[in-house]
Amino acid sequence: MAETRYSQDHEWIRVEGDVGTVGITQYAQEQLGDVVFVEVPQAGRTVAKGEACAVVESVKAASDIYAPASGEVIEGNAGLADAPGDVNAEPTGKGWFFKLKLSDKAELGGLMDENAYDEFVKSLG
Amino acid sequence: MRYLPLTEADRREMLAVIGAKSVDELFKDVPASARLGAKVAGLPDHQGELEVERAFQAYAAKNVSPSTAPFFIGAGAYRHHVPSTVDYMIQRGEFLTSYTPYQPEITQGTLQYLFEFQTQVTLLTGMEVANASMYDGSTGTTEAVLMANRLTRRHKALISGGLHPQYRSIIETTAKWEGFKAQISKPDAEGLEDLIAAVDKETSCVVVQNPSFFGHVRDFTKLAEACHAAGALLIVVVTEVVSLGLLKPPGEMGADIVVCEGQSIGNGLGFGGPYVGLFATKEKYMRQMPGRLCGETVDADGKRGFVLTLSTREQHIRREKATSNICTNAGLCALAFTVHLTLLGEAGFTRLAELNHAKASQLADKLAAVPGVKVLNDSFFNEFTVKLPKPAAPVVEALAAKRILGGLPVSRLIPGDASVENLLLVAATETATEAGMDPFVAALKEVL
Amino acid sequence: MANSQDRSQGRAGGIASSEAPAINTFTGNRALQIEEPLIFEMGQAGRCGVDLPEPPKVKDRLNGMRRKGDIGLPGLSEPQVVQHYTRLSQKNYAIDMGVYPLGSCTMKHNPRINEKVARLPGIGDLHPLQPVSTVQGALELIDRLAHWLKTLTGMPAVAMSPAAGAHGEMCGMMAIAAALDAKGERAQRKVVLAPESAHGTNPATAAALGFVVKPIPANDRGRVDLAALKAALGPDVAAIMLTNPNTCGLFESEIVEISKAVHTAGAYFYCDGANFNAIVGRVRPGDLGIDCMHINLHKTFSTPHGGGGPGAGPVVLSAALAPYAPYPWIVKNGDKWSVAEDGAKVDGVPLGRLKAFHGQMGMFTRALAYIMSHGADGLKQVAEDAVLNANYVMAALKDVMSPAFEGPCMHEALFDDSFLKDTGVSTLDFAKAMIDEGYHPMTMYFPLVVHGAMLIEPTESVAKEDLDQFIGALRSLTERAKTGTAAEAFKAAPLYSPRRRLDETLAARKPVLRWKPSNNPPGSDPMKQAAE
């Protein structure tokens with residue numbers, strides 16, 4: 001059973017076994033506007049929780065994406081190179097960024113569940 | 001004061017609207033200790049146009065204009081004829097007094113010429129993409145090294161001894177303060193340098209110049225292959241862009257980044273600036289390019305138009321993560337370049353290059369016949385190095401005393417190196433005439 | 001306020017109906033607005049815009065490196081070239097056409113005498129590496145401008161070679177790094193403090209030099225929070241980078257305390273001089289305790305903006321930083337000028353070299369012509385009129401727009417977008433609607449610290465009656481926006497410009513950065529190419 005957790009930087013991570021799939025939330029894509037470019041990490045790169053490892057760009061803004069947990073990147077979403085708009089259309093589906101082999105699942109405890117994240121977004125006004 | 005439209009009556013009325021008694025009140029946030037009551041002391045008051053023009057004529061009279069003397073200096077800045085149309089066009093107020101095209105709806109003129117400029121640069125260099133210009137070739141070369149460092153995540157640049165010494169010096173300065181290694185090769189006056197063996201797994205890039213500072217024309221295809229095998233990039237610098245009318249373009253040699261000084265086309269010598277840097281690379285490296293980029297799109301009515309694009313690379317958005325701190329480019333000099341190149345077209349540009357090569361060949365033959373003088377180059381475009389029987393610097397001064405501007409003593413740019421002390425760098429463009437070459441050769445015989 | 005320009009004097013006129021229907025013209029042109037193809041779509045082999053003689057026959061010495069195949073440049077005759085660029089020019093807004101209130105850019109009048117003297121034979125045609133004996137007047141000219149810049153800023157030295165403002169920042173920050181190096185403190189002092197309202201070039205420059213940029217908070221008056229700054233200053237701080245007047249158009253009233261605190265902490269004070277126009281001739285930055293400041297000659301000293309450059313960014317330096325000024329140094333010995341180039345002995349330890357040759361001479365000439373035209377008396381008036389014009393705009397709009405901070409402002413008036421709240425009109429829409437009124441929009445969304453920022457810098461070059469019309473136009477737009485029913489119309493603006501809003505998302509998603517024959521296949525109309 002997959003479980004999805006959320007960070008305060010508006011990333012989501014969906015965990016299946018010891019693999020986490022990472023993307024940005026509906027709220028984040030709305031804030032960014034039309035996404036024009038996404039740079040995803042290459043497979044094999046080891047990232048630490050909180051490390052900047054991807055970049056998402058709209059016409060007027062560029063934002064770093066931070067790893068919500070530590071691990072080794074096993075796949076970056078190559079499809080985004082030709083279709084960055086997927087991040088707007090399906091931020092939690094086709095618009096995923098990368099997959100991580102998690103090195104410490106305990107780190108997920110520090111992230112929010114869906115209800116907590118919804119409350120967090122509401123608190124931002 | 002002719003530039004200031006406000007009258008005393010205007011100022012009084014405006015102050016009343018603002019609700020201030022005097023303009024001093026508007027400066028109340030300036031600490032009293034720093035507020036000047038009167039104008040800055042020790043400087044003259046305003047002058048009319050006539051007086052200003054006279055002052056500049058007086059400065060000009062203390063110089064020797066190249067138009068009044070036989071002239072053979074190059075070394076990264078070349079004297080060419082610029083058609084009258086170019087100067088007329090860049091002085092149109094709509095170009096001259098417009099700014100960076102932040103509002104594309106009302107700056108399509110600037111944007112379209114930048115798009116045309118970018119295309120021209122890719123054609124000349126044989127590369128896939130080009131930006132909307134850099135300050136000049138010298139600063140652009142350092143930006144290319146920084147770009148290669150970012151792309152390869154390596155921090156060692158190999159610098160050819162054929163690179164313009166001041167370009168090299170800027171790379172060294174940047175390396176020192178920004179923290180990377182610039183490995184400098186010794187001056188390559190003979191054009192025999194081979195850097196292939198020096199390329200290793202730490203090398204981010206190799207920087208070569210073609211034709212080299214000393215004038216040699218080289219093929220860097222094998223060097224490009226060696227760079228790519230080691231995961232490094234090849235940067236080819238061209239300081240005389242007219243040479244691309246005749247020579248195999250760097251893109252065809254496998255260059256990854258090409259930087260040119262574009263001054264020769266459309267831009268006068270101007271005592272060293274402003275010039276215009278051309279910067280081109282492969283499409284896959286586009287997002288690591290510094291500087292402004294113009295791209296094609298459509299407007300709300302579906303009509304083709306142009307915008308500045310990929311600006312997320314730039315400082316005003318990326319701030320401390322930008323590809324470069326550059327803000328302004330060389331817009332007006334890029335316009336001069338593109339207008340001149342459009343006038344030349346394929347036929348004119350290649351003819352201009354042929355003419356340059358022919359004039360330089362004529363001069364080389366004449367100088368080679370002077371006793372004690374040796375032309376070092378087997379190959380060159382419009383500039384070459386001659387070895388004199390004695391130090392070149394006093395020779396050039398002696399020629400100047402005869403109102404002949406006879407080349408550059410290499411020691412001026414590479415001081416303290418005995419191997420270059422007797423070397424004279426000589427250029428001849430389409431502006432050179434037999435009537436100028438012969439007095440130069442005769443005077444050289446006299447002063448040697 | 002003059003909101004209408006009806007000059008018919010009541011004459012009706014009967015020649016044509018004023019209610020003619022819109023038509024699609026055959027050419028796509030609209031009278032003076034001519035649709036213009038790219039040069040690559042116009043060229044013909046066999047045409048050329050220059051006449052060059054047949055080259056003399058010589059032995060080829062190209063080392064077998066002759067280009068094979070065509071370059072692909074189009075061929076056009078001279079009249080076609082003149083028409084092409086003239087038509088393009090007519091699609092641009094420019095200072096020469098009217099109010100260009102682009103905040104932070106100082107779009108002042110560009111006098112033509114500047115252009116004339118920059119082109120004089122003996123100035124415009126000099127080679128930078130001519131023997132120094134043949135360029136004595138040129139070196140004297142540079143030194144004369146240096147003298148003015150030093151005197152106007154009250155600083156003892158100036159580095160003339162930086163090519164533009166950002167390049168000047170690099171020069172100044174390198175000088176600070178060099179001074180720290182000389183004191184053995186470079187490794188320890190890694191932090192550069194900069195306000196969040198800073199120009200993007202500031203953090204970009206500091207980061208390139210390996211400094212860590214830390215923000216300094218602002219107080220509710222839009223100035224640096226002195227207490228917070230003092231708290232941030234420590235033995236790890238290398239420098240502060242501060243624009244003054246700041247990017248909110250306000251003078252940093254506690255600047256003397258700031259510079260004292262910075263120096264007490266052993267750090268240096270970099271002042272971004274982009275806004276020098278507000279104080280030139282009235283305040284000498286040297287009296288405020290700064291260590292270095294770049295001067296954008298294209299802002300304060302009227303060298304042309306040229307569609308985005310060329311600029312020139314000389315940097316004035318305090319006595320502490322002067323020894324590190326980069327090569328070249330222009331030196332006077334007796335009555336002779338010389339240039340100290342790389343490796344030459346000078347009275348200091350130059351940080352290196354930043355640019356080939358001697359700097360942007362063409363800009364030096366223009367700036368000096370402007371400075372001499374104004375003189376010390378005129379430059380003081382420049383600052384006063386620039387500040388007066390901005391405060392007038394602020395005063396005349398403050399009841400309908402929302403000033404970001406209490407006045408008085410300096411040379412630019414900053415508004416936020418709270419006056420547009422609930423209208424459905426954004427700062428962007430408001431700015432685009434200004435285009436239809438015949439104005440270049442103000443700077444938008446900068447500084448970042450103000451929501452929906454609108455930064456208006458009229459400069460001293462605008463006459464009161466032109467300012468009144470501009471104010472009238474903005475008041476009228478404000479009224480329309482506040483009706484609450486005009487959002488659609490604002491979003492459609494501009495309607496009358498050569499192009500309507502352009503699709504920047506399309507441009508960035510699928511970058512087309514050059515023309516290729518395949519961009520516009522035969523039979524397609526390049527002027528009306530539909531989006532995908």
Side-chain angles (χ1 to χ4, degrees), chain B residues 5 10 14 18 26 29 34 39 43 45-46 56 59-60 62-65 93-94 96-100 105-106 108-110 119 135 138 166 169 173 217 270-274 295-297 299-300 305 309 315-316 319-320 322 325 327-328 331-332 343 345-348 354-355 358 361 379 400, chain C residues 48-50 55 58 63 72-73 75 88-89 91-96 117 121-122 126 128 131 134 136-137 141 163-164 166 200 203-205 207 251 253 287 304-311 352-353 356-357 360-362 375-378 380 392 395 408 463-464 497 499-500 507 512 514-515:
Chain B
D10 288 336
M14 292 165 79
I18 295 164
L26 304 177
D29 290 324
K39 62 193 179 194
L43 296 170
D45 279 346
H46 69 275
F56 281 89
Y59 288 125
K62 294 177 192 170
N63 302 317
V64 176
S65 160
E94 302 93 327
L96 187 80
T97 74
S98 180
Y99 201 25
T100 307
E105 298 87 352
I106 46 171
Q108 284 296 305
T110 299
T119 307
Y135 300 143
S138 74
Q166 292 190 332
S169 182
T173 302
V217 176
F271 202 50
E296 186 181 314
T297 187
D299 79 349
T309 192
Q315 48 75 26
H316 61 281
R319 301 176 79 85
E320 67 269 23
N325 79 329
C327 182
T328 305
L332 201 66
L343 282 164
E346 183 87 16
E354 294 279 5
L355 258 175
S361 296
S379 69
Chain C
C48 188
V50 297
V58 295
N63 191 23
L73 297 171
L88 289 188
S89 76
K91 299 176 194 297
N92 268 7
Y93 194 84
I95 298 169
D96 283 0
V117 296
L126 296 177
T134 67
Q136 289 291 302
L141 190 162
T205 303
F251 198 91
S253 46
D287 295 340
H305 284 75
R353 171 176 284 275
F357 313 124
Q360 305 281 65
M361 177 66 167
D377 55 337
K380 178 170 179 279
Y392 183 63
K464 177 173 175 293
S497 46
R499 282 290 178 271
R500 295 188 52 212
V512 176
R514 60 176 289 193
W515 175 85

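Note that these values count all heavy atoms, side chains included, but never hydrogens, waters or copies made by symmetry. Here is the naming used below: chain letters follow the sequence lines, and residue numbers restart at 1 for every chain.
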Q) What is the distance from atom NE2 of C/H305 to atom OG1 of B/T100, rounded to the nearest 0.5 Å? A) 8.0 Å
Q | Whether B/N63 side chain and C/G122 backbone form a donor-acceptor pair below 3.5 Å | A | yes
Q | Rounded distance [0.5 Å steps], CD in B/E94 versus CG in C/D96 | A | 7.5 Å
Q | Test item: C/D287 side-chain N/O and B/A34 main-chain N/O as donor-acceptor pair under 3.5 Å | A | no
**Q.** Distance (rounded to the nearest 0.5 Å) between B/Q166 CD and C/R353 CZ
**A.** 3.5 Å
Q.
Using modelled atom types and a 3.5 Å cut-off, is there a donor and acceptor pairing between side-chain atoms of C/D377 and backbone atoms of B/H46?
A. yes
Q. So, B/E346 side chain and C/G72 main chain: donor-acceptor pair closer than 3.5 Å or not?
A. yes
Q. Under 4.5 Å between any side-chain heavy atoms of C/K464 and B/M14, yes or no?
A. yes
Q: Give the member of B/S361, B/G305, B/G348, B/A347 that has the highest number of heavy-atom pairs under 4.5 Å with chain C.
A: B/S361
**Q.** Option that, when pairs with chain C are counted at under 4.5 Å, heavy atom only, ranks first among B/L355, B/V64, B/L332, B/I106
**A.** B/I106
Q | Interface moiety of C/V50 toward chain B, non-hydrogen atoms closer than 4.5 Å | A | both
Q.
Between B/S65 and chain C, with a heavy-atom cut-off of 4.5 Å, which part of the residue counts as in contact: side chain, backbone, both or neither?
A. both
Q: Considering only heavy atoms and a distance below 4.5 Å, find which of C/A166, C/C48, C/A163 pairs most often with chain B.
A: C/A166
Q) If you take all heavy atoms of C/N63 and B/S379, which pair is closest and at what distance? A) CB-CB, 3.6 Å
Q. Distance from B/T97 atom OG1 to C/Y93 atom OH, nearest 0.5 Å?
A. 9.5 Å
Q: Taking all heavy atoms of B/A60 and all of C/P121, pick out the closest pair and write down the distance.
A: CB-O, 3.5 Å
Q) For C/K91, does its backbone N or O pair with a side-chain atom of B/Q108 as donor and acceptor, under 3.5 Å? A) no
Q.
With a 3.5 Å distance limit and no angle check, can you tell me whether C/N92 reaches the backbone of B/G109 through a side-chain donor-acceptor pair?
A. yes
Q. Rounded to the nearest 0.5 Å, how far does OH of C/Y392 lie from CG of B/D10?
A. 8.5 Å
Q | For chain B, the option from C/A395, C/P55, C/G352, C/A164 that forms the most heavy-atom pairs under 4.5 Å | A | C/P55
Q. If you tally heavy-atom pairs under 4.5 Å against chain C, which of B/P274, B/G93, B/S138 wins?
A. B/P274
(Q) The test is side chain to side chain contact (heavy atoms under 4.5 Å, CB included); show your working for B/Y59 and C/V117 and say whether it passes. (A) CA-CA 10 Å; B/Y59 288 125; C/V117 296; over 6 Å; no
Q.
Measuring only between side-chain heavy atoms, which start at C-beta, is B/Y99 closer than 4.5 Å to C/I95?
A. no
Q | Between C/G49, C/S497, C/P310, C/S89, the one whose heavy-atom pairs under 4.5 Å with chain B are most numerous | A | C/S89
Q) If only atom types and distance count, is the side chain of B/S98 paired as donor or acceptor with the main-chain N or O of C/A94 below 3.5 Å? A) no
Q | From C/L141 atom CG to B/F271 atom CZ, the distance as rounded to the nearest 0.5 Å | A | 9.5 Å
(Q) I'd like to verify something: which residue of B/G270, B/G345, B/G295 has the highest number of heavy-atom pairs under 4.5 Å with chain C? (A) B/G270
